[in-house]
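Only heavy atoms go into these numbers, but all of them, side chains included; no hydrogens, no water, no symmetry mates.
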Amino acid sequence: MAKGIAILGSTGSIGTSALDLIERLNGMGSGPRFEVLALAGNRKIEVLVDQVRRFRPRLACAGSEELAGQVRAAIGDLPTRIVSGPAGLRDVATMPGADLVLAAIVGAAGLEPTFAAVEIGRTVALANKEALVMAGDLMISAARRSGARLLPVDSEHNALHQCLRGERVEEVRRLVLTASGGPFFLRPDADLLEVTPEEALAHPTWVMGRKISIDSATLMNKALEVIEARWLYDIPGERITVIVHPQSTIHSLVEFVDGSFICQLGATDMRHPIQYALTWPERCATPLEPVDLAALKSMSFFTPDTRRFPCLPLGWRALEAGGTMPAVLNAANEIAVEAFLERRIRFGDIPRIITSVMDAHRPAPASSLEVILKADAWARGAADEVVAPRAAAAPSRTTGLS
């Protein structure tokens, strides 16, 4: 029987890649491997309408009731039920018959529906790292109670998942997350303050969404991934390290207590880790291009310079503080990245804003989603207050990206 799929964030980069891959994989065998049961987008209504027409899901969710009405009008007599808002996201996350829920909503907005899927024991392909960053302990505890499985889709954590298949966690010395270094790894320090959003979005090896592209440029993506790895693999933060690998060919490594390393090597195409999650625990033939080993000219590795990229050590700081601090780190970063993309602050302001908000926070135990979301809301307000005077001092940067 075809595996039932629900996708949270179907109109984003990961969601559209997953649907492209599902179409290709379904066309390779004697019958379809996957049935798309539910889709959730936000404001990209034309994309969502096209997906509903192509895949005929039973359920689709738009960001608001007004947008849902536009979808209903556009799909005509198709039987897909159209819902909206947070309640609609929960309906998609808990869709009856869905064997796998792909959680690909960017940022804190994906926390609650992802948690709902985990609570009822679904297998969740996790592309939303913020869910574990904000609520790692709650998420893992809920998965243990319900029997839910978390399959990482981030290329680095997906690589670690593959490296650890059949291995014993107590034999692991450390996890090594690779970082491309982003577009500014070799750029002189003095130039980093004034880089433009267009420059920061021009990633040298990966094609990604806007927010994660900026996180890659600041190395905040690695700070968040350190927190995520701590919860996914039950490894303390001091045994998780980051190394810069500009070629992005090795996606992460595991060092064992006997000094051996196992690494996962693959193409810079997010559809590869998506396929791993879709077909897990099996592996199947892929329609995607593999790495051409003979074409690899070199593979190099560097220790990241945390003075040039001060966002990186904030991940370990948040882990050490614990409680609600990781949620505050994530929220402050989302506000700072949005302000930079809107040209209200400079690139170099991003780590300063995040650090200022973290300095002002007194973490509480992350005992419930309500506590975590309250800390998230506080951090967004605090970050907005820090952004405001910087934005007012730079009126020439207030126009957004075209």
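With R173 contributing its side chain and V257 its backbone, the two residues share a donor-acceptor pair below 3.5 Å. Using modelled atom types, no side-chain atom of T123 and backbone atom of L100 make a donor-acceptor pair closer than 3.5 Å. In this structure, T324 contributes its side chain and A327 its backbone to no donor-acceptor pair below 3.5 Å. In terms of modelled atom types and a separation under 3.5 Å, the side chain of E334 and the main chain of A108 share a donor-acceptor contact. In this structure a side-chain-to-backbone donor-acceptor pair under 3.5 Å is present from S146 to A142. Panel note: side chain E282, backbone T279; no donor-acceptor pair is recorded below 3.5 Å.
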Would you please test F261 and E255 for side-chain contact (heavy atoms from CB on, under 4.5 Å) and show each step?
CA-CA 4 Å; F261 282 85; E255 181 185 4; 3.4 Å; yes
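Between the side chains of S17 and R271, no donor-acceptor pair of N or O atoms lies under 3.5 Å.
Separation of the F309 and F184 ring centroids does not fall under the 6.0 Å cut-off.
Between L164 and V169 there is no side-chain heavy-atom pair separated by less than 4.5 Å.
By the 30° and 60° cut-offs, the orientation of the rings of H157 relative to Y233 is parallel.
Salt bridge D99/K3: absent, no basic N to carboxylate O contact under 4.0 Å.
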